[in-house]
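For reference, the structure discussed in these notes is given below.
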There are 4 protein chains.
Amino acid sequence: MRKSKTSLIFQAAIDIFSEKGFDKATMDDIAARANVAKGTIYYHFKSKEELFLFLVEEGIELLREGVESKLLPEMPPREKLELIVREQIHFFGQYRDFCVILLRESWGGEDRQREFRKMIRSYMLLIEEVIKEGMDTGVFQRVNAEYAAAGIFGMISIAALHILLGHAPYDEEVLFTDMKRMAFTGLLTE
Amino acid sequence: MRKSKTSLIFQAAIDIFSEKGFDKATMDDIAARANVAKGTIYYHFKSKEELFLFLVEEGIELLREGVESKLLPEMPPREKLELIVREQIHFFGQYRDFCVILLRESWGGEDRQREFRKMIRSYMLLIEEVIKEGMDTGVFQRVNAEYAAAGIFGMISIAALHILLGHAPYDEEVLFTDMKRMAFTGLLTE
Amino acid sequence: MRKSKTSLIFQAAIDIFSEKGFDKATMDDIAARANVAKGTIYYHFKSKEELFLFLVEEGIELLREGVESKLLPEMPPREKLELIVREQIHFFGQYRDFCVILLRESWGGEDRQREFRKMIRSYMLLIEEVIKEGMDTGVFQRVNAEYAAAGIFGMISIAALHILLGHAPYDEEVLFTDMKRMAFTGLLTE
Amino acid sequence: MRKSKTSLIFQAAIDIFSEKGFDKATMDDIAARANVAKGTIYYHFKSKEELFLFLVEEGIELLREGVESKLLPEMPPREKLELIVREQIHFFGQYRDFCVILLRESWGGEDRQREFRKMIRSYMLLIEEVIKEGMDTGVFQRVNAEYAAAGIFGMISIAALHILLGHAPYDEEVLFTDMKRMAFTGLLTE
DNA sequence: TATGAATGAGCCTTCATTCAT
DNA sequence: GATGAATGAAGGCTCATTCAT
């Protein structure tokens with residue numbers, strides 16, 4: 001038996017939570033998927049809430065670190081932003097279910113939701129820094145960097161989910177081309 | 001007695017659903033907020049699900065019609081898109097709670113969620129049409145209009161929500177300026 | 001408008017109660033079937049219980065009076081019993097739904113159920129009297145007349161319902177022949 | 001702790017269901033009677049319906065098997081029928097509450113009721129077989145065996161219940177004597 | 001470590017009954 | 001006489017959590 005119980009549960013939780021969302025998912029579901037007794041989950045995680053929080057934390061960290069590790073200091077801002085766009089699109093394709101969770105569970109006034117937004121914010125900050133750098137070096141126009149970062153994150157996220165949850169195949173290349181164009185030059189020809 | 005029970009319930013439902021989300025909201029909550037007996041809700045709406053669906057339908061319709069009625073056929077596409085950006089930003093400020101609901105409950109595989117995405121799609125189509133018109137007349141670059149529409153909708157939505165749920169005041173003018181710039185010319189100075 | 005509201009409700013109640021039984025039937029069902037407002041029922045009957053009681057009373061009275069009026073004093077007991085058997089079989093065929101109600105709602109410790117059994121007992125007494133008369137004149141064997149009356153009532157009732165609720169057609173003639181034989185000579189050939 | 005929770009619940013369910021009938025009985029009632037939490041019932045039985053079905057299944061099986069196991073192939077049909085009459089009377093005395101349930105809940109068009117009638121039919125078939133055997137060997141008169149079986153079952157059932165729910169004591173011996181006489185020779189002296 | 005039986009608070013929904021019109 | 005909107009008590013069922021083993 002290679003897998004520890006903890007990671008079995010973790011994997012099962014991702015499956016179930018993304019399939020059903022936080023509220024509709026039950027600990028029974030997760031236990032069954034992980035092939036452990038329900039009590040065992042409580043041995044490894046304090047509560048449903050904690051399990052969920054842990055899971056989302058890991059997910060966002062995966063996205064943030066994945067992008068951050070590829071952002072080399074010497075890259076020009078333009079290249080950095082291009083990389084972010086590409087990576088986020090790729091991440092959404094790869095972790096579709098997690099992304100559904102993220103977009104679903106981050107809005108509202110509960111502590112958990114505030115917590116999630118904080119995590120997302122830590123990712124947005126990456127974008128924000130790049131935008132600021134670009135503005136400072138004169139390659140980017142002057143905008144409110146926070147708004148712009150949120151906008152770019154949202155643009156990619158919603159477009160990606162729109163496709164992933166629709167019927168069309170998820171063509172990363174086309175999506176990347178269009179999202180890059182929108183972010184860089186906008187729609188106007190002139 | 002000015003207010004009909006139905007509209008009392010309707011208002012209370014918006015409050016509660018946006019505060020707690022569909023699953024956590026209870027019919028008791030809504031009844032209490034509306035100052036009616038729980039049974040009264042069921043006299044006017046068949047179920048929690050139906051009440052919710054009705055509410056979201058109305059909300060999206062309000063957004064869509066509000067925008068559509070202002071889009072005059074003779075406007076140039078550029079002006080149309082500008083109007084859309086402005087209106088959507090205004091709508092989010094005005095119906096913050098409803099918008100939280102919308103962004104929260106539209107992702108996932110349940111029928112209800114699929115239904116919501118269809119409604120959102122009907123709004124996105126407005127944007128899509130304008131983009132297509134712009135591409136045809138040569139003022140907009142050639143992109144996948146569906147992706148672009150989803151992207152613009154997402155950009156505005158997430159940026160708006162980001163502010164609305166944060167601590168800063170919701171400055172529509174600034175947000176409008178930046179979102180318009182992003183949509184039209186993108187970030188690059190050149 | 002020939003029909004009084006009262007009788008409209010009465011008819012609807014028979015339909016609904018026999019279709020669904022006392023507990024599953026709702027006042028809404030009955031009101032809808034009778035094409036009156038729900039409040040109207042309460043104008044004519046004090047409660048669901050009372051409506052039901054009234055209805056069962058009428059039904060049993062119909063059976064009892066129907067039989068009693070045909071039992072002429074000068075008939076020999078044997079002929080009387082034969083008539084009872086025939087009439088009860090006919091009644092079950094004609095008022096199948098009501099008979100279902102009767103057999104369904106008469107057993108248990110509630111007041112209503114006790115009341116129903118009293119009504120049934122008033123019918124059984126007809127049978128009991130005939131049996132006693134037959135024993136007195138020597139044409140019937142000596143048995144506990146009360147038990148025998150209950151037995152005959154049950155034999156016909158259950159056999160009739162068995163057929164009526166099964167798939168076979170309700171052949172009154174065959175049933176009558178067999179029930180009469182069982183009651184008069186039993187199964188033994190000798 | 002001798003009693004398993006399951007059998008505690010089972011016993012409580014018999015009590016409550018026979019006291020109040022299927023519809024009026026509540027899971028709260030049963031839980032209270034069994035001294036378990038309501039959730040515990042649902043841990044052992046999927047639903048109220050299933051609990052009830054299980055209970056009735058067991059009961060009829062008890063009756064059927066009890067009788068069947070005593071019916072030796074070499075017995076003459078007359079002796080077999082006598083045994084059936086005796087056993088059924090005994091069973092009704094012993095499981096009065098269950099018998100109330102049975103007679104109460106078997107009539108109507110719901111699936112559950114149809115299911116119950118099927119179970120009862122399996123018992124009636126025992127009687128039917130004996131009657132057919134008797135007709136074949138010439139000791140019983142020729143009748144519709146199905147009707148006759150239903151009739152005998154009903155005769156005993158209703159007579160037994162009539163006594164059990166009345167005020168008189170349940171004298172099995174007298175009842176047996178009379179029911180046997182009715183089944184074998186009928187009421188006529190000649 | 002791991003289990004799974006047991007718990008009980010909480011939720012959606014139904015429906016007999018009332019009452020202002 | 002008649003209506004139907006409104007009520008609120010009650011019931012079936014779910015599920016996160018606990019705990020004895």
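In what follows, chains are A, B, ... by sequence order, proteins preceding strands, each numbered from 1.
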Distance check: side-chain N/O of [X] vs OP1/OP2 of [N], anything under 4.0 Å?
X	N	value
His44(A)	dT1(E)	no
Thr26(A)	dC15(F)	no
Lys48(B)	dC12(E)	yes

d([atom1], [X]; [atom2], [N]) in whole Å:
X	N	atom1	atom2	value
Phe45(C)	dT18(E)	CZ	P	16 Å
Glu49(A)	dT17(F)	CD	P	8 Å
Ile16(C)	dC15(E)	CD1	P	12 Å
Ile9(A)	dA16(F)	CD1	C1'	15 Å
Lys20(D)	dA10(F)	NZ	P	12 Å
Asp23(C)	dG11(F)	CG	C1'	13 Å
Asp29(C)	dT14(E)	CG	P	12 Å
Ile30(D)	dC13(F)	CD1	P	11 Å

A cation-pi test, strictly: NZ or CZ of Arg112(B) under 6.0 Å from the centre of the six-membered ring of Phe22(B) and no more than 45 degrees from its axis. Yes or no?
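Yes, a cation-pi geometry.
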Of the nucleotides [options], which has the atom closest to the [X] side chain?
X	options	answer
Ala37(C)	dG4(F), dA2(F), dA16(F)	dG4(F)
Tyr42(A)	dT17(E), dA6(F), dA16(F)	dA16(F)
Thr40(C)	dT7(F), dA2(F), dG12(F)	dA2(F)
Lys5(B)	dT3(F), dT7(F), dT3(E)	dT7(F)

Side chain to side chain, [X] and [Y], heavy atoms closer than 4.5 Å:
X	Y	result
Phe98(A)	Ile60(A)	yes
Glu58(D)	Leu62(D)	no
Arg117(B)	Leu165(A)	yes

Below 30° counts as parallel, above 60° as perpendicular, anything between as tilted: where do the rings of Phe45(C) and Phe54(C) land?
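Rings of Phe45(C) and Phe54(C): tilted, as their planes differ by 30° to 60°.
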Using 0.5 Å steps for rounding, measure from the CG atom of Leu102(C) to the CE atom of Met119(C).
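Result: 9.5 Å between the selected atoms.
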Nearest-nucleotide wise, let me know which of Asn35(D) and Met27(B) is further upstream toward the 5' end of DNA chain E.
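So the residue in question is Asn35(D).
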Given DNA chain E, 5'-ward residue of the pair Phe22(C) and Tyr43(A), judged by closest heavy atom
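Nearer the 5' end of the strand: Tyr43(A).
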Now, which nucleotide makes the Watson-Crick or G-U wobble pair with dA6(F), with each of the two distances under 3.5 Å?
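dT17(E) is the nucleotide pairing with dA6(F).
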Please compare Ala25(A) and Ile41(B) by the position of their nearest nucleotide in DNA chain F and report the one closer to 5'.
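The residue closer to the strand's 5' end, by nearest nucleotide, is Ile41(B).
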For Lys46(A) and Asp28(D), take the nucleotide of DNA chain F holding the closest heavy atom to each; which residue's nucleotide lies nearer the 5' end?
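This one resolves to Asp28(D).
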Base dT3(F) paired with Lys38(C) side chain (donor-acceptor, <3.5 Å)
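Result: no qualifying N/O pair found.
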